[in-house]
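Here is the structure we will look at, set down as structure tokens.
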Amino acid sequence: MSKTTQAPKALRGVGNFIDDRFHLAKTGEKNLRKVFPNHWSFMLGEIALYSFIILLVTGVFLTLWFKPSMLEVVYDGSYERLQGVPMSEAYASTLFIDFDVRGGFLVRQIHHWAALIFLAAIVVHMLRVFFTGAFRKPREINWLIGIAIFALSIIEGLFGYSLPDDLPSGMGVRILQGVILALPLVGTYVSMFLFGGEFPGEDIITRLYMLHVLAIPAVLLALIVAHFMILWHQKHTQYPGIGRTEKTVVGTPMFPAFAVKAGGFFFFTFAVIAGLSAFVQINPIHLFGPFTPTSITSGLQPDWYMGFLEGSLRIFPNTFDFTVFGYAVPIAVLVPGLGVMGMLFVLPGAWPFVEQWITGDKRVHNVADRPRNAPVRTGLGVAGMTAYGVLWLAGSNDILSETFSIDLYLTTYIFRVLVFVGPVVAFIVTKRICLGLQRRDRDTLEHGYESGTIRQLPSGEFIEVHKRNSEETTEVLESKPLIGSTALAEDADVDDKGVENPESRKGMGKLRRALAHWYTKDNVSIDGVEAHSGHHLHHSAPEGEKESAH
């Protein structure tokens with residue numbers, strides 16, 4: 001006879017005490033049974049979350065010994081090669097963490113690797129959301145929050161990278177000051193305020209430290225909490241499949257299945273970061289030495305997420321600079337330093353609303369698109385990735401020039417051409433690939449899949465038997481949405497009396513129709529295509545022979 005196991009009396013007492021005051025039992029039970037879809041790509045955002053947690057924990061550890069001061073001291077620590085060298089307290093305290101605090105160097109490595117993986121996970125997660133159309137209604141706000149998290153994370157990484165006051169970080173701060181000085185009218189004042197005087201000043205490390213450990217993490221934490229609260233309320237998107245609709249979610253409940261999986265994935269993420277930190281050295285500041293304004297080095301690159309900005313600054317021509325009323329406007333610094341950075345955030349942030357305006361699609365979307373089924377969007381995404389990649393490579397044009405024995409100025413000219421030609425070629429190629437995959441999907445839906453079995457008909461003709469697709473495959477193929485636009489509908493330009501809509505004659509109306517035509521014109525339709533039943537072979541034999549082939 002089975003016996004019901006009850007929770008210990010102490011726990012039941014605590015549970016009753018809390019529920020009597022906050023009435024959380026029913027709410028907690030409902031939330032614990034919340035269903036989450038199962039797909040590996042949905043874990044990309046969780047990698048970012050786990051990396052952020054690791055950043056917070058290791059950051060607290062590092063703050064116990066780090067001194068955010070530019071006061072000059074003479075080093076007398078354990079690292080003999082720098083003994084007697086004048087340096088800032090920030091750099092000396094970082095050396096103390098590396099060589100005198102037990103486990104300090106490992107924790108600092110973990111912190112740095114976690115920062116790189118945090119940003120990488122954000123980028124890949126946002127690409128997944130973009131290519132699958134998961135940013136559409138009702139998730140536009142969460143998409144904008146994700147853009148804000150991405151922007152703040154880049155700034156947070158730049159400030160953290162600058163805190164040790166070693167030679168590479170000092171050079172990065174110098175570039176930051178140059179971009180600030182490029183601001184018309186106010187650049188000089190902003191620079192003097194931030195640095196507390198002429199570069200490098202005496203306050204920059206202290207101010208970056210306060211921003212890095214207090215202000216930006218607080219905003220990031222608030223945005224991440226808001227991001228997950230909205231996600232929890234709106235439900236997760238899911239890929240097409242059996243039983244998956246705009247109102248039905250198929251997956252595993254939050255507790256215990258998803259919670260156990262998420263917990264294990266956290267420790268797996270931590271293990272990878274710890275393994276990298278233990279065996280792959282990154283940012284060995286003791287080899288670079290302290291920053292001095294008169295020193296410079298070559299061959300060093302910024303962290304990967306700042307590489308595109310470095311590249312844009314290197315290849316932008318200086319022929320567009322001009323002067324207004326005696327004030328210099330250095331376009332060669334202002335546009336690549338701030339304009340390119342702004343485009344990285346503004347263009348993706350505006351796209352959900354631009355796509356909605358072009359298509360007129362204001363429906364709720366809980367089922368994600370397959371990237372091939374939105375060829376223009378996918379092509380634009382790959383074009384953006386290509387432009388980013390070209391700028392990222394341009395940030396190491398000196399290393400490429402030396403490695404491949406190419407003239408440095410020639411590499412600059414090559415990248416200036418590639419940054420425009422590359423995205424166009426990438427868009428065209430990606431769109432054609434998506435359309436080809438759509439045609440293959442339509443053929444698979446109509447004719448089934450190739451079995452590899454060859455049969456000879458009585459007429460002597462050899463045919464390959466096509467077998468019926470699985471129910472899951474058929475469901476996925478038939479889920480292809482019809483890409484259209486209200487701007488191209490028959491009743492979009494005239495009313496019931498045949499009078500043309502005045503808005504359609506205006507510039508914005510004509511632009512919308514042109515963009516709608518460009519967005520939808522090549523899409524492959526599956527209307528009228530019946531799923532292959534396994535009893536129809538496509539060949540030229542007579543009907544009777546078709547029957548005998550089965």
Side-chain angles (χ1 to χ4, degrees), residues 59-60 62-77 82 85-97 108 111-112 115 151-220 283 285-286 288-297 300 302-303 305-306 309-310 313 326-330 332-334 336-338 341-342:
V60 171
L62 296 174
T63 58
L64 299 177
W65 289 279
F66 181 73
K67 297 179 180 179
S69 170
M70 297 189 70
L71 180 66
E72 186 174 284
V73 297
V74 177
Y75 182 71
D76 61 350
L82 289 177
V85 175
M87 61 185 64
S88 66
E89 277 194 319
Y91 186 70
S93 64
T94 307
L95 293 177
F96 179 80
I97 292 173
R108 192 173 70 83
H111 191 75
H112 202 128
L152 286 174
S153 299
I154 289 181
I155 298 173
E156 173 78 345
L158 172 62
F159 290 172
Y161 178 84
S162 304
L163 287 180
D165 198 33
D166 58 312
L167 184 56
S169 68
M171 293 171 60
V173 174
R174 183 61 160 170
I175 295 174
L176 173 64
Q177 190 227 9
V179 174
I180 293 174
L181 287 175
L183 293 172
L185 301 178
V186 300
T188 304
Y189 300 99
V190 174
S191 175
M192 295 290 284
F193 170 77
L194 183 62
F195 289 88
E198 293 290 347
F199 180 87
E202 299 179 353
D203 300 326
I204 184 63
I205 295 297
T206 303
R207 292 175 177 177
L208 292 182
Y209 178 77
M210 299 301 292
L211 292 171
H212 181 72
V213 304
L214 289 178
I216 298 180
V219 177
L220 277 175
N283 197 26
I285 64 166
H286 55 282
F288 305 143
F291 172 71
T292 57
T294 57
S295 300
I296 193 170
T297 186
L300 289 173
D303 283 340
Y305 50 87
M306 294 300 297
L309 185 61
E310 176 87 5
L313 286 167
Y327 292 96
V329 182
V333 178
L334 186 62
L338 294 177
M341 178 76 81

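When all heavy atoms of Ala332 and Pro336 are compared, the pair lying nearest together is O-CG, 2.9 Å. Listed here is the closest heavy atom pair of Phe66 and Ser93: CD1-OG, 3.4 Å. Here the closest heavy-atom approach between residue Glu156 and residue Leu211 is recorded as OE1-O, 3.9 Å. In terms of heavy atoms, Tyr91 sits closest to Leu82 at OH-CD1, 3.5 Å. Nearest approach of Leu309 to Gly337, heavy atoms of both residues: CD1-O, 3.4 Å. When all heavy atoms are compared, the tightest approach of Thr63 to Val60 is OG1-O, 2.6 Å.
Taking CE from Met70 and CZ from Phe291, the interatomic distance works out to 8.0 Å, rounded to the nearest 0.5 Å. Distance check, rounded to the nearest 0.5 Å: CG of Leu176 to CE of Met306 gives 8.0 Å. Summarising the geometry, atom NE2 belonging to His212 is positioned 5.5 Å from atom CG belonging to Leu163; distances are rounded to the nearest 0.5 Å. Between Ile205 atom CD1 and Phe159 atom CZ the span is 11.0 Å, to the nearest 0.5 Å. To the nearest 0.5 Å, atoms CG (Leu208) and OH (Tyr161) are separated by 13.5 Å. Here Leu167 contributes atom CG and Thr292 contributes atom OG1; the two are 6.5 Å apart, rounded to the nearest 0.5 Å.
In this structure the side chain of Leu334 reaches within 4.5 angstrom of the side chain of Pro184, judged on heavy atoms. Val173 has its side chain out of reach of Pro200: every pair of non-hydrogen atoms, C-beta onward, lies at least 4.5 Å apart. Residues Glu89 and Glu72 have side chains not in contact (no heavy-atom distance under 4.5 Å, counting atoms from C-beta outward). Residues Ile204 and Phe199 have side chains not in contact (no heavy-atom distance under 4.5 Å, counting atoms from C-beta outward). Residues Asn283 and Arg108 meet the side-chain proximity criterion, which asks for heavy atoms closer than 4.5 Å. A heavy-atom distance below 4.5 Å is not found between the side chains of Asp165 and Thr94.
In this structure, the side chain of Thr206 does not engage the main chain of Ser69 through any donor-acceptor pair within 3.5 Å.
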